[in-house]
**Student:** 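The structure follows.
Whatever order the structure lists them in is the order used to number ligands and atoms, beginning at 1.
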Amino acid sequence: MPNSSAVYILGIESSCDDTSAAVLTSRKPLSNVIATQKIHEAYGGVVPELASRAHQKNIVPVVHQALKKAGIEASDLAAVAYTKGPGLMGSLLVGASFAKSFAMALQIPLLEVNHMQAHILAHFIEDEAQKTPPFPFLGITISGGHTQIVKVHAAFDMEVIGETLDDAVGEAFDKCGKMMQLDYPAGPIIDKLAAEGNPKAFTFSKPKVKELDFSFSGLKTAVLYFLQREKLKNPNFVEENIKDICASFQYTVVQILMDKIKKAIQQTGINHVAIGGGVSANSAIRKALLDAEKKGQLTAYIPKFEYCTDNAAMIAIVGYYKYVEKDFSTSQLAQPRFKI
Ligand code: KG4
Ligand code: ZN
(Lines give C-alpha, C1' and ligand atoms only; values in the text may rest on other atoms or scores of the structure.)
(Ligands and ions follow the chains in the order given, each with its own letter.)
Protein backbone atom coordinates (compact mmCIF):
# COMPACT_ATOMS: atom_id res chain seq x y z
CA MET A 1 0.00 0.00 0.00
CA PRO A 2 1.51 3.35 -0.96
CA ASN A 3 2.00 5.81 1.86
CA SER A 4 0.42 9.15 0.93
CA SER A 5 3.11 11.21 2.70
CA ALA A 6 6.07 9.27 1.22
CA VAL A 7 8.20 10.55 -1.66
CA TYR A 8 8.48 7.90 -4.37
CA ILE A 9 11.21 8.42 -6.99
CA LEU A 10 11.48 6.34 -10.16
CA GLY A 11 15.06 5.91 -11.41
CA ILE A 12 15.93 4.91 -14.98
CA GLU A 13 19.37 3.77 -16.13
CA SER A 14 20.25 3.05 -19.78
CA SER A 15 23.78 4.41 -20.30
CA CYS A 16 25.41 1.22 -21.58
CA ASP A 17 24.10 -2.33 -21.84
CA ASP A 18 21.85 -2.69 -18.79
CA THR A 19 18.27 -1.47 -18.80
CA SER A 20 17.26 -0.77 -15.23
CA ALA A 21 14.40 0.84 -13.32
CA ALA A 22 14.08 1.28 -9.56
CA VAL A 23 11.69 2.85 -7.08
CA LEU A 24 13.01 4.50 -3.93
CA THR A 25 11.00 6.00 -1.13
CA SER A 26 13.35 8.67 0.15
CA ARG A 27 16.66 6.73 0.43
CA LYS A 28 15.10 3.27 0.75
CA PRO A 29 14.87 0.99 -2.31
CA LEU A 30 11.54 -0.74 -2.94
CA SER A 31 12.64 -2.29 -6.23
CA ASN A 32 15.72 -2.38 -8.47
CA VAL A 33 15.02 -4.29 -11.69
CA ILE A 34 17.96 -4.89 -14.03
CA ALA A 35 17.71 -6.41 -17.53
CA THR A 36 21.20 -7.32 -18.70
CA GLN A 37 21.60 -7.51 -22.46
CA LYS A 38 23.03 -10.92 -23.31
CA ILE A 39 23.23 -10.12 -27.03
CA HIS A 40 26.69 -8.50 -26.69
CA GLU A 41 28.33 -11.71 -25.44
CA ALA A 42 28.54 -13.03 -29.00
CA TYR A 43 30.52 -9.94 -30.06
CA GLY A 44 32.97 -9.81 -27.14
CA GLY A 45 31.91 -6.26 -26.22
CA VAL A 46 29.02 -3.82 -26.28
CA VAL A 47 27.68 -3.06 -29.79
CA PRO A 48 26.10 0.42 -29.44
CA GLU A 49 23.39 -0.04 -32.09
CA LEU A 50 22.27 -3.37 -30.62
CA ALA A 51 22.32 -1.86 -27.13
CA SER A 52 19.90 0.94 -28.00
CA ARG A 53 17.55 -1.48 -29.74
CA ALA A 54 17.55 -3.78 -26.70
CA HIS A 55 16.87 -0.80 -24.41
CA GLN A 56 13.84 0.08 -26.56
CA LYS A 57 12.54 -3.46 -26.13
CA ASN A 58 13.25 -3.64 -22.39
CA ILE A 59 12.36 -0.23 -21.05
CA VAL A 60 8.57 -0.55 -20.75
CA PRO A 61 8.53 -4.04 -19.13
CA VAL A 62 11.39 -3.11 -16.79
CA VAL A 63 9.65 0.06 -15.56
CA HIS A 64 6.37 -1.83 -15.24
CA GLN A 65 8.08 -4.52 -13.14
CA ALA A 66 9.83 -1.92 -10.93
CA LEU A 67 6.51 -0.23 -10.11
CA LYS A 68 4.79 -3.56 -9.52
CA LYS A 69 7.55 -4.84 -7.23
CA ALA A 70 7.44 -1.58 -5.28
CA GLY A 71 3.68 -1.99 -4.86
CA ILE A 72 2.84 1.45 -6.21
CA GLU A 73 1.11 2.96 -9.24
CA ALA A 74 2.75 5.43 -11.62
CA SER A 75 0.41 8.09 -10.20
CA ASP A 76 2.08 7.69 -6.76
CA LEU A 77 5.44 8.89 -8.12
CA ALA A 78 6.82 12.27 -7.07
CA ALA A 79 9.48 12.50 -9.81
CA VAL A 80 11.39 10.59 -12.49
CA ALA A 81 15.21 10.51 -12.44
CA TYR A 82 17.22 9.31 -15.42
CA THR A 83 20.84 8.98 -16.55
CA LYS A 84 21.76 11.97 -18.69
CA GLY A 85 25.36 10.78 -19.24
CA PRO A 86 28.13 9.81 -19.57
CA GLY A 87 27.39 6.83 -21.80
CA LEU A 88 26.50 5.72 -25.30
CA MET A 89 24.37 8.34 -27.07
CA GLY A 90 21.86 5.86 -28.56
CA SER A 91 21.43 4.06 -25.23
CA LEU A 92 21.12 7.29 -23.25
CA LEU A 93 18.46 8.63 -25.61
CA VAL A 94 16.15 5.66 -25.02
CA GLY A 95 16.12 6.16 -21.24
CA ALA A 96 16.04 9.95 -21.56
CA SER A 97 13.10 10.07 -23.98
CA PHE A 98 11.15 7.51 -21.96
CA ALA A 99 11.78 9.37 -18.69
CA LYS A 100 10.86 12.74 -20.18
CA SER A 101 7.60 11.45 -21.72
CA PHE A 102 6.67 9.56 -18.55
CA ALA A 103 7.27 12.62 -16.33
CA MET A 104 5.35 14.85 -18.74
CA ALA A 105 2.39 12.48 -18.87
CA LEU A 106 2.30 12.29 -15.07
CA GLN A 107 2.99 16.03 -14.75
CA ILE A 108 5.79 15.46 -12.28
CA PRO A 109 9.40 16.79 -12.27
CA LEU A 110 12.16 15.21 -14.34
CA LEU A 111 15.58 14.88 -12.66
CA GLU A 112 18.79 14.45 -14.65
CA VAL A 113 21.56 12.35 -13.15
CA ASN A 114 25.28 11.99 -13.87
CA HIS A 115 26.07 8.25 -14.01
CA MET A 116 29.50 8.63 -12.35
CA GLN A 117 28.06 10.70 -9.49
CA ALA A 118 25.48 7.95 -9.12
CA HIS A 119 28.15 5.23 -8.75
CA ILE A 120 29.58 7.30 -5.86
CA LEU A 121 26.27 8.21 -4.21
CA ALA A 122 25.11 4.57 -4.41
CA HIS A 123 26.66 4.37 -0.92
CA PHE A 124 23.79 6.52 0.36
CA ILE A 125 21.10 4.02 -0.62
CA GLU A 126 19.58 2.91 2.67
CA ASP A 127 20.37 -0.79 2.95
CA GLU A 128 21.53 -2.66 6.01
CA ALA A 129 24.16 -4.46 3.91
CA GLN A 130 26.15 -1.27 3.37
CA LYS A 131 27.41 1.69 5.36
CA THR A 132 27.45 5.35 4.35
CA PRO A 133 30.72 7.33 4.26
CA PRO A 134 30.99 10.73 5.99
CA PHE A 135 32.03 13.83 3.96
CA PRO A 136 34.68 14.39 2.79
CA PHE A 137 35.59 10.98 1.38
CA LEU A 138 37.45 9.55 -1.59
CA GLY A 139 35.20 7.99 -4.24
CA ILE A 140 36.96 5.39 -6.37
CA THR A 141 34.93 4.71 -9.51
CA ILE A 142 36.19 1.63 -11.29
CA SER A 143 34.06 0.38 -14.17
CA GLY A 144 34.11 -0.71 -17.80
CA GLY A 145 34.17 2.88 -18.97
CA HIS A 146 35.88 4.82 -16.16
CA THR A 147 38.66 4.79 -13.59
CA GLN A 148 38.64 7.84 -11.38
CA ILE A 149 39.63 9.04 -7.93
CA VAL A 150 37.13 11.66 -6.81
CA LYS A 151 37.36 13.93 -3.79
CA VAL A 152 33.78 14.11 -2.56
CA HIS A 153 33.18 17.23 -0.46
CA ALA A 154 29.37 16.96 -0.51
CA ALA A 155 26.69 15.11 -2.52
CA PHE A 156 27.00 17.55 -5.42
CA ASP A 157 30.48 18.90 -4.80
CA MET A 158 32.93 16.45 -6.33
CA GLU A 159 36.41 16.93 -7.76
CA VAL A 160 38.19 14.40 -9.99
CA ILE A 161 41.77 14.22 -8.69
CA GLY A 162 42.97 11.26 -10.74
CA GLU A 163 41.80 9.29 -13.75
CA THR A 164 42.91 6.89 -16.43
CA LEU A 165 44.84 8.30 -19.36
CA ASP A 166 43.73 5.47 -21.64
CA ASP A 167 41.76 2.26 -20.92
CA ALA A 168 39.42 1.88 -17.97
CA VAL A 169 40.23 -0.87 -15.49
CA GLY A 170 37.13 -2.92 -16.42
CA GLU A 171 38.13 -2.61 -20.06
CA ALA A 172 41.54 -4.08 -19.17
CA PHE A 173 39.79 -7.04 -17.50
CA ASP A 174 37.50 -7.53 -20.51
CA LYS A 175 40.21 -7.15 -23.18
CA CYS A 176 42.71 -9.41 -21.40
CA GLY A 177 39.91 -11.93 -20.94
CA LYS A 178 39.21 -11.82 -24.66
CA MET A 179 42.90 -12.62 -25.33
CA MET A 180 42.35 -15.77 -23.27
CA GLN A 181 39.11 -16.59 -25.12
CA LEU A 182 36.98 -15.83 -22.07
CA ASP A 183 33.39 -14.65 -22.56
CA TYR A 184 32.34 -11.01 -22.26
CA PRO A 185 32.30 -9.44 -19.71
CA ALA A 186 35.45 -11.19 -18.57
CA GLY A 187 35.88 -9.33 -15.26
CA PRO A 188 33.73 -11.66 -13.14
CA ILE A 189 35.17 -14.75 -14.88
CA ILE A 190 38.77 -13.66 -14.24
CA ASP A 191 37.81 -12.96 -10.62
CA LYS A 192 36.48 -16.52 -10.23
CA LEU A 193 39.41 -18.22 -11.98
CA ALA A 194 41.93 -16.08 -10.08
CA ALA A 195 40.58 -17.36 -6.77
CA GLU A 196 42.19 -20.74 -7.50
CA GLY A 197 45.38 -19.42 -9.08
CA ASN A 198 48.78 -18.26 -7.84
CA PRO A 199 49.02 -14.43 -8.00
CA LYS A 200 52.82 -14.62 -7.97
CA ALA A 201 53.09 -17.17 -10.81
CA PHE A 202 53.84 -14.53 -13.45
CA THR A 203 55.03 -10.94 -13.15
CA PHE A 204 53.61 -8.05 -15.13
CA SER A 205 55.28 -4.68 -14.70
CA LYS A 206 53.24 -1.81 -13.32
CA PRO A 207 53.03 1.39 -15.41
CA LYS A 208 54.73 4.53 -14.16
CA VAL A 209 52.07 7.22 -14.29
CA LYS A 210 52.36 10.64 -12.66
CA GLU A 211 50.44 11.72 -9.58
CA LEU A 212 47.02 10.06 -9.15
CA ASP A 213 46.40 9.14 -12.79
CA PHE A 214 46.21 5.60 -14.14
CA SER A 215 47.12 3.76 -17.33
CA PHE A 216 46.03 0.25 -18.22
CA SER A 217 46.88 0.02 -21.92
CA GLY A 218 50.52 -0.90 -21.18
CA LEU A 219 49.45 -3.76 -18.93
CA LYS A 220 47.09 -5.00 -21.65
CA THR A 221 49.95 -5.00 -24.19
CA ALA A 222 52.25 -6.71 -21.68
CA VAL A 223 49.69 -9.50 -21.23
CA LEU A 224 49.25 -9.81 -25.01
CA TYR A 225 53.01 -10.13 -25.70
CA PHE A 226 53.46 -12.49 -22.76
CA LEU A 227 50.73 -14.79 -24.05
CA GLN A 228 52.08 -14.66 -27.63
CA ARG A 229 55.60 -15.53 -26.40
CA GLU A 230 54.47 -18.40 -24.20
CA LYS A 231 52.14 -19.83 -26.86
CA LEU A 232 55.08 -20.10 -29.27
CA LYS A 233 56.76 -22.42 -26.71
CA ASN A 234 53.55 -24.25 -25.75
CA PRO A 235 50.35 -23.87 -27.81
CA ASN A 236 48.28 -25.00 -24.81
CA PHE A 237 49.88 -22.47 -22.45
CA VAL A 238 46.68 -20.47 -21.82
CA GLU A 239 44.45 -23.51 -21.17
CA GLU A 240 47.04 -25.11 -18.88
CA ASN A 241 47.76 -21.94 -16.88
CA ILE A 242 44.52 -19.96 -17.04
CA LYS A 243 44.03 -19.72 -13.26
CA ASP A 244 47.59 -18.53 -12.62
CA ILE A 245 47.47 -16.03 -15.50
CA CYS A 246 44.16 -14.59 -14.19
CA ALA A 247 45.47 -14.46 -10.61
CA SER A 248 48.72 -12.74 -11.66
CA PHE A 249 46.92 -10.21 -13.88
CA GLN A 250 44.35 -9.43 -11.18
CA TYR A 251 47.09 -9.11 -8.55
CA THR A 252 48.86 -6.50 -10.72
CA VAL A 253 45.62 -4.54 -11.26
CA VAL A 254 44.84 -4.52 -7.54
CA GLN A 255 48.38 -3.35 -6.74
CA ILE A 256 48.04 -0.49 -9.25
CA LEU A 257 44.71 0.57 -7.72
CA MET A 258 45.87 0.25 -4.10
CA ASP A 259 49.11 2.20 -4.76
CA LYS A 260 47.08 5.14 -6.11
CA ILE A 261 44.46 4.93 -3.36
CA LYS A 262 47.21 5.09 -0.73
CA LYS A 263 48.85 8.01 -2.55
CA ALA A 264 45.47 9.83 -2.67
CA ILE A 265 45.02 9.31 1.09
CA GLN A 266 48.51 10.72 1.68
CA GLN A 267 47.91 13.77 -0.53
CA THR A 268 44.42 14.66 0.70
CA GLY A 269 44.55 13.50 4.30
CA ILE A 270 41.17 11.84 3.70
CA ASN A 271 41.09 8.16 4.62
CA HIS A 272 37.43 7.26 4.05
CA VAL A 273 37.53 5.29 0.78
CA ALA A 274 34.29 4.38 -1.01
CA ILE A 275 34.49 2.26 -4.15
CA GLY A 276 31.89 2.08 -6.89
CA GLY A 277 31.38 0.80 -10.44
CA GLY A 278 31.36 -2.75 -11.83
CA VAL A 279 34.95 -3.57 -10.87
CA SER A 280 34.18 -2.88 -7.20
CA ALA A 281 32.47 -6.29 -7.31
CA ASN A 282 35.98 -7.79 -7.63
CA SER A 283 36.84 -9.97 -4.65
CA ALA A 284 40.57 -9.15 -4.66
CA ILE A 285 40.06 -5.38 -4.58
CA ARG A 286 37.50 -5.83 -1.79
CA LYS A 287 39.95 -7.96 0.17
CA ALA A 288 42.83 -5.52 -0.37
CA LEU A 289 40.69 -2.66 0.96
CA LEU A 290 39.57 -4.65 3.98
CA ASP A 291 43.18 -5.69 4.70
CA ALA A 292 44.24 -2.03 4.54
CA GLU A 293 41.35 -1.20 6.89
CA LYS A 294 42.56 -3.85 9.36
CA LYS A 295 45.99 -2.19 9.31
CA GLY A 296 44.34 1.14 10.16
CA GLN A 297 45.31 2.72 6.82
CA LEU A 298 41.76 3.59 5.77
CA THR A 299 38.06 2.98 6.34
CA ALA A 300 36.57 1.05 3.43
CA TYR A 301 33.03 1.52 2.11
CA ILE A 302 32.09 -1.31 -0.22
CA PRO A 303 28.66 -1.22 -1.87
CA LYS A 304 26.27 -4.13 -1.85
CA PHE A 305 26.85 -6.20 -4.97
CA GLU A 306 23.67 -5.11 -6.79
CA TYR A 307 24.64 -1.43 -6.39
CA CYS A 308 28.16 -1.98 -7.84
CA THR A 309 27.32 -2.63 -11.47
CA ASP A 310 24.97 -0.40 -13.44
CA ASN A 311 21.59 -0.14 -11.72
CA ALA A 312 18.74 2.34 -11.41
CA ALA A 313 18.64 2.48 -7.60
CA MET A 314 21.81 4.58 -7.74
CA ILE A 315 20.12 6.89 -10.27
CA ALA A 316 17.07 7.19 -8.03
CA ILE A 317 19.13 8.08 -4.93
CA VAL A 318 20.79 10.98 -6.79
CA GLY A 319 17.31 11.88 -8.05
CA TYR A 320 16.03 11.94 -4.50
CA TYR A 321 18.75 14.41 -3.39
CA LYS A 322 18.03 16.58 -6.43
CA TYR A 323 14.30 16.43 -5.71
CA VAL A 324 14.92 17.64 -2.16
CA GLU A 325 17.00 20.52 -3.57
CA LYS A 326 14.37 21.18 -6.30
CA ASP A 327 17.12 20.79 -8.90
CA PHE A 328 14.83 19.84 -11.78
CA SER A 329 15.81 19.13 -15.37
CA THR A 330 15.68 22.03 -17.76
CA SER A 331 17.59 21.58 -20.98
CA GLN A 332 19.58 19.03 -22.96
CA LEU A 333 18.23 15.46 -22.72
CA ALA A 334 21.36 13.32 -23.08
CA GLN A 335 25.07 14.13 -22.89
CA PRO A 336 27.53 11.32 -23.80
CA ARG A 337 30.51 13.16 -22.20
CA PHE A 338 28.82 14.47 -19.08
CA LYS A 339 31.45 15.65 -16.54
CA ILE A 340 30.78 15.45 -12.79
O1 KG4 B 1 29.74 -0.23 -13.87
P2 KG4 B 1 29.56 -1.29 -14.91
O3 KG4 B 1 28.42 -2.26 -14.74
O4 KG4 B 1 29.36 -0.64 -16.32
C5 KG4 B 1 30.07 0.47 -16.74
O6 KG4 B 1 29.61 1.61 -16.43
O7 KG4 B 1 31.15 0.25 -17.32
O8 KG4 B 1 30.94 -2.08 -15.02
C9 KG4 B 1 31.12 -3.15 -15.90
C10 KG4 B 1 32.57 -3.61 -15.80
C11 KG4 B 1 32.97 -4.64 -16.85
O12 KG4 B 1 34.18 -4.26 -17.43
C13 KG4 B 1 33.13 -5.94 -16.03
O14 KG4 B 1 34.07 -6.82 -16.57
C15 KG4 B 1 33.58 -5.39 -14.71
O16 KG4 B 1 32.80 -4.22 -14.52
N17 KG4 B 1 33.36 -6.33 -13.59
C18 KG4 B 1 34.36 -6.92 -12.89
C19 KG4 B 1 33.73 -7.77 -11.94
N20 KG4 B 1 32.38 -7.68 -12.09
C21 KG4 B 1 32.16 -6.78 -13.10
N22 KG4 B 1 35.69 -6.79 -13.00
C23 KG4 B 1 36.44 -7.52 -12.16
N24 KG4 B 1 35.93 -8.37 -11.23
C25 KG4 B 1 34.60 -8.53 -11.09
N26 KG4 B 1 34.11 -9.36 -10.16
ZN1 ZN C 1 28.65 2.28 -14.62
Side-chain angles (χ1 to χ4, degrees), residues 11-20 22 32 34-38 40-41 43-46 48 51 55 82-88 91-92 95 113-123 139-148 150 163-164 167-180 182-197 199 214 216 219-220 246-247 249-254 256-257 275-289 302-315 317-318 336-338 340:
I12 290 175
E13 156 64 27
S14 73
S15 66
C16 191
D17 59 343
D18 293 305
T19 319
S20 180
N32 188 26
I34 305 168
T36 301
Q37 303 176 1
K38 295 272 176 227
H40 308 287
E41 283 174 13
Y43 298 89
V46 178
H55 283 306
Y82 76 99
T83 307
K84 180 178 180 182
L88 301 169
S91 292
L92 290 168
V113 174
N114 179 296
H115 181 89
M116 300 314 293
Q117 261 183 0
H119 270 306
I120 292 173
L121 296 179
H123 289 274
I140 315 293
T141 44
I142 40 180
S143 73
H146 299 269
T147 308
Q148 292 184 328
V150 184
E163 63 189 328
T164 184
D167 292 350
V169 58
E171 206 177 337
F173 268 98
D174 297 337
K175 287 184 176 164
C176 288
K178 199 172 175 180
M179 291 173 204
M180 296 183 270
L182 298 178
D183 286 343
Y184 173 84
I189 305 171
I190 291 180
D191 190 357
K192 232 186 210 155
L193 289 166
E196 291 174 37
F214 298 90
F216 289 99
L219 174 62
K220 189 182 66 187
C246 287
F249 163 75
Q250 183 172 277
Y251 176 75
T252 313
V253 170
V254 171
I256 294 170
L257 292 172
I275 55 169
V279 182
S280 53
N282 183 266
S283 55
I285 184 73
R286 287 174 171 236
K287 184 175 180 303
L289 284 167
I302 299 174
K304 190 177 171 187
F305 189 80
E306 74 171 290
Y307 307 135
C308 284
T309 45
D310 291 348
N311 69 89
M314 70 180 192
I315 305 303
I317 185 75
V318 182
R337 293 178 183 278
F338 192 16
I340 62 174

**Student:** Under 4.5 Å between any side-chain heavy atoms of I142 and F214, yes or no?
**Tutor:**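 Heavy-atom side-chain distance check fails, nothing below 4.5 Å.
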**Student:** So, taking the atom named NZ in K304 and the one named CG in N32, what distance separates them when rounded to the nearest 0.5 Å?
**Tutor:**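 Here the interatomic distance stands at 9.0 Å.
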**Student:** Can you tell me which residue and heavy atom of the protein come closest to atom 26 (N) of ligand 1, and the distance to 0.1 Å?
**Tutor:**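 Heavy-atom neighbour on the protein nearest atom 26 (N) of ligand 1: D191 OD2, 2.9 Å.
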**Student:** Using 0.5 Å steps for rounding, measure from the NZ atom of K175 to the CG atom of L219.
**Tutor:**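 So the gap between those two atoms works out to 12.5 Å.
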**Student:** Could you tell me the residue and atom name of the protein heavy atom closest to atom 10 (C) of ligand 1, and the distance to it rounded to 0.1 Å?
**Tutor:** G144 N, 3.5 Å
**Student:** Could you tell me whether any N, O or S atom belonging to C16 is less than 2.8 Å from the Zn ion (ligand 2)?
**Tutor:**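 Within the cut-off used here (under 2.8 Å), C16 places no N, O or S atom near the Zn ion (ligand 2).
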**Student:** Should G170 be counted as touching ligand 1, given the test is an N or O pair under 3.5 Å?
**Tutor:** yes
**Student:** Which atoms of ligand 1 have any heavy atom of S143 under 4.0 Å away?
**Tutor:** 1 (O), 5 (C), 6 (O), 7 (O), 8 (O)
**Student:** Determine, using heavy atoms of C16 and all atoms of ligand 1, whether some pair is separated by less than 4.0 Å.
**Tutor:** no
**Student:** Within the side chain of S20, is there an N or O that forms a donor-acceptor pair under 3.5 Å with the backbone of A312?
**Tutor:**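 Looks like yes, one N/O pair under 3.5 Å.
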**Student:** Give me the residue, atom name and distance of the protein heavy atom closest to atom 8 (O) of ligand 1.
**Tutor:**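 The closest one turns out to be G278 CA, 3.3 Å.
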**Student:** Between D310 and ligand 1, does any nitrogen or oxygen pair lie at a separation below 3.5 Å?
**Tutor:**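 D310 vs ligand 1: N/O contact under 3.5 Å present.
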**Student:** Ignoring hydrogens and geometry, is there a side-chain-to-backbone donor-acceptor pair from T147 to V169 under 3.5 Å?
**Tutor:** yes
**Student:** Mind checking whether P185 has an N or O less than 3.5 Å away from an N or O of ligand 1?
**Tutor:** no
**Student:** For S283, is there any backbone N or O sitting under 3.5 Å from a side-chain donor or acceptor partner on D191?
**Tutor:**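 Confirmed, D191 side chain pairs with S283 backbone.
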**Student:** Find the distance between CD1 (I275) and NE2 (H123) and round it off to the nearest 0.5 Å.
**Tutor:**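 With rounding to 0.5 Å, CD1 (I275) is 7.0 Å from NE2 (H123).
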**Student:** For ligand 1, is Q250 a contact, meaning one of its heavy atoms is under 4.0 Å away?
**Tutor:**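 Not so, Q250 does not reach ligand 1.
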**Student:** Judged by non-hydrogen atoms, does K192 sit under 4.0 Å from ligand 1?
**Tutor:** no
**Student:** So which protein heavy atom does atom 14 (O) of ligand 1 come closest to, and at what separation?
**Tutor:**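 Among all protein heavy atoms, the one nearest atom 14 (O) of ligand 1 is D174 OD1, 2.7 Å.
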**Student:** If we only count N/O pairs under 3.5 Å, is S283 in contact with ligand 1?
**Tutor:**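 It does not: no N or O of S283 is found under 3.5 Å from an N or O of ligand 1.
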**Student:** As an exercise, identify every atom of ligand 1 less than 4.0 angstrom from a heavy atom of H115.
**Tutor:** 6 (O)
**Student:** Relative to ligand 1, is H146 under 4.0 angstrom through side chain, backbone, both or neither, heavy atoms considered?
**Tutor:**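 Looking at H146 and ligand 1, no heavy atom falls under 4.0 Å.
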**Student:** Nearest 0.5 Å please: distance from the CG atom of N114 over to the CD1 atom of I315.
**Tutor:**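 Output value for this atom pair is 8.5 Å.
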**Student:** Kindly give the atom name of the N, O or S atom of D310 closest to the Zn ion (ligand 2).
**Tutor:** OD1
**Student:** Under a 4.0 angstrom heavy-atom cut-off, which atoms of ligand 1 come close to H119?
**Tutor:** 1 (O)
**Student:** At what distance, to the nearest 0.5 angstrom, does CZ of F249 lie from CE of M180?
**Tutor:** 7.0 Å
**Student:** What residue and atom, counting heavy atoms only, is the protein's closest point to atom 15 (C) of ligand 1, and at what distance?
**Tutor:** V279 CG2, 3.9 Å
**Student:** I want to check something: taking the side chain as every heavy atom from C-beta on, are N282 and F173 in contact at a cut-off of under 4.5 Å?
**Tutor:**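 Yes, their side chains come closer than 4.5 Å.
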**Student:** Tell me whether R337 contacts the main-chain N or O of P86 through its side chain, where contact means a donor paired with an acceptor under 3.5 Å.
**Tutor:**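 No; judged by distance alone, with no hydrogens or angles, the pair does not exist.
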**Student:** Applying side chain to side chain contact (heavy atoms under 4.5 Å, CB included) between H115 and each of S15, C16, S14, report the one that passes.
**Tutor:** S15
**Student:** Considering the heavy atoms of T309, write down every atom of ligand 1 situated less than 4.0 Å from one of them.
**Tutor:**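 The list of qualifying atoms is 3 (O).
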**Student:** Please list, in number order, the atoms of ligand 1 under 4.0 Å from a heavy atom of A281.
**Tutor:**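 Reading through ligand 1 atom by atom, the close ones are 20 (N), 26 (N).
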**Student:** Among all protein heavy atoms, pick out the one at the shortest distance from atom 24 (N) of ligand 1; state its residue, atom name and that distance to 0.1 Å.
**Tutor:**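 Answer for atom 24 (N) of ligand 1: N282 ND2, 3.0 Å.
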**Student:** Going by the atom numbers of ligand 1, which of them fall below 4.0 Å from some non-hydrogen atom of G145?
**Tutor:** 7 (O)
**Student:** Considering G187, G276, A172 one by one, which has a heavy atom nearer to atom 18 (C) of ligand 1 than any of the others?
**Tutor:**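 When every heavy atom of G187, G276, A172 is considered, G187 comes closest to atom 18 (C) of ligand 1.
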**Student:** Do side-chain atoms of H119 reach the backbone of D310 as a donor and acceptor pair under 3.5 angstrom?
**Tutor:** no
**Student:** Of all the N, O or S atoms in H115, which one sits nearest to the Zn ion (ligand 2)?
**Tutor:**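 When I compare the N, O and S atoms of H115, NE2 is nearest to the Zn ion (ligand 2).
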**Student:** Could you state the interatomic distance from NZ (K220) to CD (E171), rounded to the nearest 0.5 Å?
**Tutor:**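 The CD atom of E171 is 6.5 Å from NZ of K220, to the nearest 0.5 Å.
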